[in-house]
Amino acid sequence: MNYRHAFHAGNHADVFKHLVLTRLIALMSRKEQPFAYLDTHAGIGLYDLKGDQASRTGEYLEGIARLWDTPDLPLLAADYMQVLHEMNPDGQLRYYPGSPELARRLTRPQDRVLLNEKHPEDGRLLKDNMKGDRRVAVHLGEGWHVPRALLPVPEKRAVMLIDPPFEQLDELKRCSQALKEAIGRMRQTAAAIWYPIKDQRQLTRFYQELTSTGAPKLLRVELLVHPLETPQSLNGSGLAIANPPWGLEEELRELLPWLAEKLGQTKGGWRMDWLIAE
Ligand code: SAM
């Protein structure tokens, strides 16, 4: 396990994933009943963009730095940017929330946040960063075991993020297997898989695997910062979202053109369609 998310924190893929996650949480919160947030590959929870790792790559400069202080912020980005401003009260962009911190801050007192991270050092940092909030539980186990270990949840409502590092070739396949398992154990889980857009052949197979997961509905959302076939580069990223809450598709249709324009590098773009329609 060599991957450390701190090198990539706040890059275009993080901004896309986290912005969509904030909308998922907001829409799930429309009903009073509690829900559980589950993160299979949680990372450390918060990141110092001026720290050694993030500043060595500077990836955040083409990500969150492009949104910071932007005058034309759409309303749908307000929750996300509010967390950022709370974390950086002096107006200088320095600290960036990972998915655990966004979930912790945006969920309600009745909700629970269940996090899993396998890397021992990152797990310790995550525990440290989450301490003091009794709604949060941190597990230091195998991310691929999360669906069978934690689903179904007693709340009967769940948002799950599946966000592995893609260090190994089989991880796309493991994502669709994890989704299938999650749906098998709790059919209504709103589960989002994040994936990199690099190799179109691998992705074609992945899309096929996703369609046989048994998810009742599956939305595919992608944000590009380079043209699709640019070699050797992360051309963008996608989220496959099972059981998206009502309203998410419309919200993303409004948000994504703005985001593609903000984050596009050689060429920004986006697309959204249903891999499994109702
Ligand atoms: N979800 C985080 C966020 O959005 O802030 C970022 C997660 S990062 C892309 C992937 C994380 O998975 C890394 O922190 C890595 O240590 C961890 N990891 C790698 N293999 C794992 C496994 N088999 N089970 C659980 N975690 C794993």
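None of these values were measured; they are calculated from a predicted model. Sequential numbering from 1 along the given sequence is applied to the chain's residues. Counting starts at 1 for both ligands and their atoms, in listed order.
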Determine whether the side chain, the backbone, both or neither of K17 has a heavy atom under 4.0 Å from any heavy atom of ligand 1. side chain
Could you tell me whether A42 approaches ligand 1 through its side chain, its backbone, both or neither, with non-hydrogen atoms closer than 4.0 Å? backbone
Checking a contact table here: which protein heavy atom is nearest [atom], and how many Å away?
| atom | value |
| --- | --- |
| atom 6 (C) of ligand 1 | D163 OD2, 3.2 Å |
| atom 20 (N) of ligand 1 | M1 CE, 3.7 Å |
| atom 24 (N) of ligand 1 | G143 N, 2.8 Å |

What atoms in ligand 1 come closer than 4.0 Å to a heavy atom of [X]?
| X | value |
| --- | --- |
| G98 | 5 (O) |
| H119 | 16 (O) |
| N116 | 25 (C) |
| E142 | 22 (C), 23 (N), 24 (N) |
| G43 | 14 (O) |
| D39 | 1 (N) |

Are side-chain heavy atoms of R187 and P216 found at a separation under 4.5 Å? yes
In short, G123 meets V138 closest at the heavy-atom pair O-CG1, 4.5 Å
For I197 and L203, the nearest pair of non-hydrogen atoms, with its separation, is CA-CD1, 4.0 Å
Would you kindly check if the NZ (Lys) or CZ (Arg) of R56 is within the cone defined by 45 degrees around the ring axis of F7 and under 6.0 Å from the six-membered ring centre? no
Within the structure, does D14 bring an N/O atom to less than 3.5 angstrom of an N/O atom in ligand 1? no
For a quick check under 3.5 Å, do K17 and S99 share a side-chain donor-acceptor pair by atom type? no
Just checking, is any N or O donor in the side chain of Q110 or E32 under 3.5 Å from an acceptor N or O on the other one? yes
Can you tell which of K118, E117, H41 gets a heavy atom nearest to atom 15 (C) of ligand 1? E117
Which of these, P165, P120, S99, has its nearest heavy atom closest to atom 3 (C) of ligand 1? S99
With the threshold set at under 4.0 angstrom, would you say T40 reaches ligand 1 through any of its heavy atoms? yes
With a 4.0 Å cut-off on heavy atoms, is H18 touching ligand 1? yes
Taking 4.0 angstrom as the limit, do E62 and R66 come out as a salt bridge? yes
Salt-bridge present (D133, R135; N to O < 4.0 Å): yes
Verify, without hydrogens or angle tests, whether E167 (side chain) and N2 (backbone) share a donor-acceptor contact under 3.5 angstrom. yes
Test salt bridge (Lys or Arg N to Asp or Glu O under 4.0 Å) on R4 and D122; report intermediate values, then the result. CA-CA 8 Å; R4 312 307 297 275; D122 282 2; 2.3 Å; yes
